[in-house]
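In what follows, a structure is listed as structure tokens, so that the remarks can point back to it.
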Amino acid sequence: MVNMKEISELFTGKAVCHAVQLGPGIAGFVYKSRKGVYHIFVSEDLSPEGRRHIIFHEINHILKDMPVIPYVIGVDMQRYLIEKSAERFAREVGLVYLAGSG
């Protein structure tokens, strides 16, 4: 089961995860507030594993993309390099996460 609080604590004071109702086809997104806090929104309709994957995906954007690209607004971006990179990161971290929790 995804423990949103546990994952949020990775970025204590810097990131907060929210499970919310999102539109069809939107699994999650991240934005940085004026106070410098990253807010990761993930669809509450996803399975616990799906939510965890999306959170790791968005964490990659926080660590790698957002320091260089302040914001990206887009839909249907799965073919873009930053999305492919975030997906690769989410899969790799997910495997490490699962190996450590067993």
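Only this structure's heavy atoms are used, side chains among them; waters, hydrogens and symmetry mates stay out.
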- Item | Interatomic spacing from CG in L22 to CD in E44 - rounded to 0.5 Å | 8.0 Å
Name the atoms and distances for all side-chain donor-acceptor pairs under 3.5 Å in residues 30-37, with sequence neighbours left out.
from : atom 1 : to  : atom 2 : distance (Å)
S33  : OG     : K35 : N      : 3.2
S33  : OG     : V37 : N      : 3.2
S33  : OG     : V37 : O      : 3.3

- Query: Side-chain contact, heavy-atom cut-off 4.5 Å: D45 with Q21?
  - Reply: yes
- Over 60° means perpendicular and under 30° means parallel, so classify the ring planes of H53 and H57, tilted if in between. tilted
- Quick check: does any side chain N or O of R51 sit under 3.5 Å from a backbone N or O of V42, one acting as donor and the other as acceptor? no
- Taking the side chain as every heavy atom from C-beta outward, state whether I62 and N60 have any atom pair closer than 4.5 Å. no
- Query: Say you draw a straight line from CD1 of I59 to NZ of K64; how long is it, rounded to the nearest 0.5 Å?
  - Reply: 15.0 Å
- ring-ring contact (aromatic ring centres under 6.0 Å, His included) involving Y38 - partner list, sequence neighbours excluded: none
- Distance in Å, H39 NE2 paired with F29 CZ, rounded so as to fall on 0.5 Å steps: 10.5 Å
- Note on the structure: The reported gap from CD1 in I54 to CD in E49 (rounded to nearest 0.5 angstrom) is 12.5 Å
